[in-house]
Novice: 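Below you will find the structure I want to go over with you.
Index from 1, following the sequence.
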Amino acid sequence: MKFEDLLLEIGGFGRFQILILFILCLPRINLPMHFLLHNFLAATPSHHCAIPHQEAFVNLTMEEVLLISIPREPDGTFKSCEMFLQPQFHLLLNSSLQPENNSIIQHCQHGWVYDHSQFTSTISTQWDLVCEQRGLNQATATIFFIGVTIGAVVFGYLSDRFGRKAMLLVSLVFSVIFGMLSAASVSYSMLAITRTLTGVALSGVSLIVLPLGMEWVDVQHRTFSGILTSIFWSIGNMLLAMVAYLVREWHWLLVAVTGPCLLSIVCLWWVPESARWLIANGKVKQAHRHLLRCARMNGRKDFTVSPEALRRMAAEKKPGGSYSYISLFRTPVLRKISLCSGAVWFGVAFSYYGMSMNLTGFGLNMYLSQFVFGVIEIPAKMIIYVLVNRVGRRQSQAWTLILTGLCIGANVIIPKSLTSLRSVVAIMGKGFSEAAFTTVFLYTSELYPTVLRQNGMGYTSFVARLGGALAPLVFLLDEVWKSLPEVTYCGVAVCCGSVAFLLPETLNVRLPEGIEDIE
């Protein structure tokens, strides 16, 4: 007997599964609020060099002081990182005569003055992470994703070893602890360390939520469940825009996005451990109890299965030894799946976070951009729900990622004067990007056998987070060539999307239980 047959007897998608999925969607909402928090946490408002007071400035307005103290950009705005060595009083007579001699210009010597009209404070204004320190500001996102990368490996292994539910609870508890410590940071170093550890903890949530729900759902409703869970990511995206709009001070913003984890911890009480995992690991009594509860809630009161039958199933599927990440590369078919799915995940995450962290290039204010990007994702998920069931997982995965890259590349060529066209292409690109991300979560959970599923998800999530960690740093390449970041995102997305054609199709295929089912 296969576990899929058991699911048919107890109800593969009834009240029991709907309750589990709803509860697991709560932590899912919280994830984008942290993963995309960098857009607001580290936002850099307009700024200029601080000008020390001089007696000669007594009768001048602030605008005149800036005029004689700070050079201008070609568009007439004051430069953010430079000031004159000495006040240029002749500019009061004719401000268009900007000095061309760079020897009278120096970097800011007395700190910066920030525009606080949009943000009360961010980490940029708190620790002056601008100009020469701009790299440290971008690195804040990178170190968070490095934590997420480490967490993918750690929790992928631990959840296969000690169970999905126990590790999800550990992840949520540590997310609250380190999230609150981040909010209390008194130095950049403390923030960097606590954000990294928050990333490690949240990675467990990201990794475990989908498989835990999917392992209770039958084949027919697997796609629907995956799409439903991912819609709550988009809701989290929209909520982040609203929370960030209401909370403009970075300490309290961190508190606001971390607090909901407490609700998830409370609600987790009603979520059972995966019976599929319990049987695969020989924990028959617990599995039997959860299966009976599921049958009762779904109205299948005539369901009976003996613990002995489950023991026989466990004996058939009991791991022949302990599995590790090395097991993903030991056999030929699994090795090919692991290498190709790793490449696809890297491309999906790299392009998704590249687009999501470029809010100011969208033509709207950043709060509206964040909200619109969240709204765009929902129709993209609806369309992909139809596509993955009609044309299959493989074709959907490959083409959504390739089209994401082509949209990013198109905006390199389209003139900046055509703002409406550029906005439409950016919206399409974000939609394709989200469709690719939705598909890859569903697709990967179907590619790996139960005994290695969390290891497989952990490995691919590790590679994806490498993509997420590198994505913010690519913006620094604009100093080499203005369009180099977009060209990089485009090239990676198209190449990685092409690799998806090498993966096997999983549409309407039973979830594999052991390695022999794959090979």
Side-chain angles (χ1 to χ4, degrees), residues 2 148-161 164 203 206-208 210-211 214-215 222 226 276-277 280-281 316-351 388 392-402 436-437 439-470 492-519:
K2 295 264 187 183
V148 176
T149 305
I150 296 167
V153 178
V154 172
F155 283 102
Y157 171 75
L158 291 178
S159 60
D160 268 347
R161 184 78 187 273
R164 290 20 171 173
S203 184
S206 171
L207 197 65
I208 297 167
L210 186 68
M214 297 282 275
E215 288 179 357
R222 225 158 52 198
R276 199 186 286 266
W277 178 85
N281 286 271
E316 290 171 18
K317 294 299 173 188
K318 190 158 180 75
S322 61
Y323 291 107
S324 68
Y325 289 104
I326 297 169
S327 305
L328 297 172
F329 300 93
R330 278 194 179 131
T331 53
V333 179
L334 257 181
R335 189 183 309 124
K336 180 183 174 184
I337 287 172
S338 298
L339 291 172
C340 293
S341 61
V344 172
W345 270 83
F346 181 89
V348 168
F350 187 74
S351 53
V388 293
R393 276 61 158 153
R394 178 172 53 197
Q395 295 289 332
S396 301
Q397 184 66 74
W399 285 110
T400 50
L401 189 48
I402 289 169
F437 224 134
T439 308
V440 80
F441 262 105
L442 172 70
Y443 196 13
T444 309
S445 66
E446 295 177 344
L447 285 170
Y448 290 104
T450 300
V451 292
L452 274 172
R453 186 162 297 122
Q454 284 301 117
N455 274 335
M457 293 294 285
Y459 153 72
T460 50
S461 188
F462 170 84
V463 180
R465 302 320 170 197
L466 282 180
L470 290 173
V492 170
V494 171
C495 292
C496 293
S498 303
V499 171
F501 288 117
L502 302 175
L503 289 166
E505 182 55 73
T506 61
L507 178 61
N508 293 328
V509 175
R510 285 174 183 246
L511 282 180
E513 303 283 347
I515 292 176
E516 66 277 4
D517 297 336
I518 291 281
E519 297 296 327

Novice: For the pair Tyr157 and Tyr325, name the ring-plane relationship: parallel under 30°, tilted 30 to 60°, perpendicular over 60°.
Specialist: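 Correct class here is tilted.
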Novice: Identify which one of Phe329, Phe346, Phe155 satisfies the ring pair (Phe, Tyr, Trp, His ring centres under 6.0 Å) criterion when paired with Tyr459.
Specialist: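 So the option named by the test is Phe329.
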Novice: Give the minimum heavy-atom separation between Gly151 and Ser203, together with the two atoms involved.
Specialist: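 Reported closest heavy-atom pair: C-OG, 3.3 Å.
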Novice: For residues Ala343 and Val499, report the shortest heavy-atom separation together with the two atoms involved.
Specialist: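 So the minimum-distance heavy-atom pair works out to CB-CG1, 4.0 Å.
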Novice: For residues Leu502 and Cys340, report the shortest heavy-atom separation together with the two atoms involved.
Specialist: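 It is CB-SG, 3.8 Å.
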Novice: Nearest 0.5 angstrom please: Leu470 CG to Arg465 CZ, how far?
Specialist: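 Interatomic distance, Leu470 CG to Arg465 CZ, rounded to 0.5 Å: 13.0 Å.
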Novice: Please find the pair of heavy atoms, one from Pro512 and one from Leu447, that lie closest to each other, and give the distance.
Specialist: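 So the two residues come closest at CG-O, 4.2 Å.
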Novice: If only atom types and distance count, is the side chain of Gln397 paired as donor or acceptor with the main-chain N or O of Gly497 below 3.5 Å?
Specialist: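 The answer is no, because no donor-acceptor pair under 3.5 Å joins these two groups.
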Novice: Restricting to side-chain contact (heavy atoms from CB on, under 4.5 Å), what partner residues turn up for Asp160, sequence neighbours left out?
Specialist: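 With sequence neighbours excluded, Asp160 shows a side-chain contact (heavy atoms from CB on, under 4.5 Å) to Arg164, Gln454, Asn455, given in chain and number order.
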Novice: Hey, could you give me the CZ/CG distance between Phe462 and Leu207, rounded to the nearest 0.5 Å?
Specialist: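 With rounding to 0.5 Å, CZ (Phe462) is 13.0 Å from CG (Leu207).
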Novice: Are a donor atom and an acceptor atom from the side chains of Tyr448 and Thr460 found within less than 3.5 Å of each other?
Specialist: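 No.
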Novice: Restricting to non-hydrogen atoms, name the atom on Leu442 and the atom on Met214 that form the minimum distance, rounded to 0.1 Å.
Specialist: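 Minimum heavy-atom separation between Leu442 and Met214: CD1-CE, 3.4 Å.
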Novice: Considering only heavy atoms from C-beta outward, does the side chain of Thr331 approach that of Ile518 to under 4.5 Å?
Specialist: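 They are not in contact (no side-chain heavy atoms under 4.5 Å apart), so the answer is no.
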Novice: Using atom types as modelled and distance alone, determine if a side-chain donor or acceptor of Ser351 lies under 3.5 Å from a backbone N or O of Val348.
Specialist: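 Yes, Ser351 side chain to Val348 backbone: donor-acceptor pair under 3.5 Å.
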Novice: Kindly determine whether Phe501 and Ile402 satisfy side-chain contact (heavy atoms from CB on, under 4.5 Å), including the steps that lead there.
Specialist: CA-CA 11 Å; Phe501 288 117; Ile402 289 169; 4.0 Å; yes
Novice: What's the spacing between Arg161 CZ and Asn281 CG if we round to 0.5 Å?
Specialist: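 Spacing of CZ (Arg161) from CG (Asn281) equals 9.5 Å.
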Novice: Only counting residues at least two apart or in another chain, list the ones meeting salt bridge (charged side-chain N to carboxylate O under 4.0 Å, His left out) with Arg276.
Specialist: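 If we apply the salt bridge (charged side-chain N to carboxylate O under 4.0 Å, His left out) test to Arg276, skipping adjacent residues, the hits are Glu4, Glu513.
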Novice: Side chains of Val440 and Leu401, heavy atoms from C-beta outward: is any pair under 4.5 Å?
Specialist: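 With C-beta onward as the side chain, the pair stays apart.
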Novice: Would you name the heavy atoms of Leu328 and Ser338 that are closest together and state the gap between them?
Specialist: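 Reported closest heavy-atom pair: O-OG, 3.0 Å.
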Novice: What pairs meet the salt bridge (charged side-chain N to carboxylate O under 4.0 Å, His left out) rule with one or both residues in residues 444-460, with sequence neighbours excluded?
Specialist: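 Only Glu215-Arg453, Arg222-Glu446, Arg393-Glu446 qualify under salt bridge (charged side-chain N to carboxylate O under 4.0 Å, His left out).
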Novice: Quick one: OG1 on Thr444 to CH2 on Trp345, what's the gap to the nearest 0.5 Å?
Specialist: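 Reported value, rounded in 0.5 Å steps: 5.0 Å.
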